[in-house]
Protein chains: 2
Amino acid sequence: MGSRLQESGYRLTQPRRAVIRALTEANDWLRPEEVLALARPYWRPLGLVTVYRTVSLLTELGYLKRVHLEERCVGYVRSDLVHGHHLLCRTCHQAVEFPGTEDLAPLVNRISQDTGFRVEHHLLELVGLCPSCQ
Amino acid sequence: MGSRLQESGYRLTQPRRAVIRALTEANDWLRPEEVLALARPYWRPLGLVTVYRTVSLLTELGYLKRVHLEERCVGYVRSDLVHGHHLLCRTCHQAVEFPGTEDLAPLVNRISQDTGFRVEHHLLELVGLCPSCQ
DNA sequence: CAGTTTATTGAAAATATTTTTCACTTAGGT
DNA sequence: ACCTAAGTGAAAAATATTTTCAATAAACTG
Ligand SMILES: [Zn+2]
Ligand SMILES: [Zn+2]
Ligand SMILES: [Zn+2]
Ligand SMILES: [Zn+2]
């Protein structure tokens with residue numbers, strides 16, 4: 001993730017390294033404040049502002065995705081964990097990518113044709129309770 | 001929408017009437033501020049706080065749905081316009097419900113069985129450009 | 001390996017969004 | 001008409017996010 005940042009023309013700085021390291025270790029979605037807490041051990045002077053800037057950048061570059069829950073929409077997950085089709089646990093926050101996402105492509109294509117919309121991206125999010133939280 | 005508010009045990013007040021009237025006339029998603037602007041002609045003293053309270057109430061009761069876009073998640077649409085499966089135009093803000101949503105039920109059921117999650121609700125949102133905005 | 005340039009940083013302030021508090025009002029029942 | 005609890009709006013508080021700006025440090029140059 002870091003090396004690709006550089007390939008895209010951005011500098012690989014200490015704060016960015018710390019944020020990326022924290023995100024790499026996390027296997028669920030995080031709020032900016034949580035990212036800060038997890039990344040600080042790797043770079044003490046890290047500020048929340050830089051976390052905001054870094055998660056935005058990583059989202060633009062496609063390495064993170066925003067997460068949408070009923071109450072709030074302030075979370076981010078690594079793209080490799082969610083793939084745009086995901087299952088979120090309402091209580092323990094885990095994000096599970098589910099298999100069989102190809103099922104959606106024909107639906108999207110059909111809708112695109114029927115309506116004339118040019119569909120740029122989509123979001124399929126199932127929210128509920130994971131087995132252990134039930 | 002108003003009469004059903006009463007059936008649910010809530011009072012049908014002037015501010016609520018104004019908000020509902022505004023929402024009934026709008027055919028796209030609105031932010032709280034926009035709801036306020038559209039509803040004020042029908043009830044001058046209307047405050048933003050009451051708009052927030054009313055859209056939350058209407059969302060709980062199922063008459064509105066929150067809308068999630070890339071940048072912001074501060075919009076609401078009438079449920080009859082979106083049905084949980086919708087197409088949003090990134091520029092003109094129109095929300096179009098699309099047909100053939102039953103396609104999704106088997107997918108949701110299968111995922112539910114495969115993963116053990118109890119799926120409580122879902123969101124399928126396609127974002128792009130409508131024919132006239134392309 | 002300096003020296004230079006320019007992106008990036010963090011603190012503070014500004015802005016934006018949403019919720020809480022509370023005294024006052026009003027819908028709807030008696 | 002009267003009563004009572006639900007509902008209201010202004011202001012303040014709480015949250016969340018962005019902007020500003022002087023200082024710093026990547027990455028490039030010679
Ligand atoms: Zn959202
Ligand atoms: Zn869980
Ligand atoms: Zn459009
Ligand atoms: Zn459905």
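Chain letters run A, B, ... following the sequence lines, proteins first, then strands; residues in each count from 1.
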Would you mind reading off the distance between B/Leu5 atom CG and C/dG28 atom P, rounded to a whole angstrom? 10 Å
Is A/Arg53 side chain donor-acceptor paired with the C/dG10 base, going by distance under 3.5 Å alone? yes
Between the side-chain atoms of A/Arg11 and the base atoms of C/dA7, is any donor-acceptor pair under 3.5 Å? yes
Over how many whole Å does the gap from B/Leu57 atom CG to D/dG7 atom P extend? 8 Å
Base, sugar-phosphate, or nothing for B/Arg44, non-hydrogen atoms under 4.0 angstrom? nothing
Classify the nucleic acid contact of B/Arg72 as base, sugar-phosphate or nothing, counting any heavy atom under 4.0 Å across all strands shown. sugar-phosphate
Please work out if A/Arg16 contacts a base, only the sugar-phosphate, or nothing of the nucleic acid, heavy-atom cut-off 4.0 Å. sugar-phosphate
Rounded distance (Å) that lies between atom P of C/dT18 and atom CG of B/Leu48: 9 Å
Quick one: A/Leu46 CG to D/dT24 P, roughly how many Å, whole number? 17 Å
DNA chain C nearest-nucleotide lookup for A/Gly9 and B/Arg17: closer to the 5′ end is A/Gly9
Answer yes or no: are there more than 12 heavy-atom neighbours, outside A/Tyr10 itself, under 6.0 Å from its atom OH? no
Atom-to-atom span, CD of B/Glu33 to C1' of C/dA16 - whole angstrom: 10 Å
For A/Leu64 and A/Arg78 the tightest heavy-atom approach is CD2-CA, 3.7 Å
Ignoring hydrogens and angles, tell me if any N or O in the side chain of B/Gln134 forms a donor-acceptor pair with the backbone of A/Gly116 under 3.5 Å. yes
Taking any heavy-atom pair under 4.0 Å as a contact, classify A/Arg31: base, sugar-phosphate, or nothing. sugar-phosphate
For A/Gln6, which contact category applies under a 4.0 Å heavy-atom criterion: base, sugar-phosphate, or nothing? sugar-phosphate
Please check: side-chain N/O of A/Arg40 versus main-chain N/O of A/Leu46, any donor-acceptor pairing under 3.5 Å? yes
B/Arg53 versus B/Leu57: any side-chain heavy-atom pair under 4.5 Å? no
Which residue, B/Tyr52 or A/Thr50, contacts DNA chain C at a nucleotide closer to its 5' end, judged by nearest heavy atom? A/Thr50
N/O (side chain, B/Thr13) to phosphate O (OP1/OP2, D/dT8) under 4.0 Å: yes
Does the side chain of A/Trp43 get closer than 4.0 angstrom to OP1 or OP2 of C/dG10 through an N or O atom? yes
Whole-Å distance between C/dT9 C1' and A/Tyr10 OH? 16 Å
Whole angstroms only, please: what is the CZ-C1' distance between A/Arg40 and C/dT9? 13 Å
State which of C/dA27, C/dA12, D/dA10 makes the closest approach to the side chain of B/Val49. D/dA10
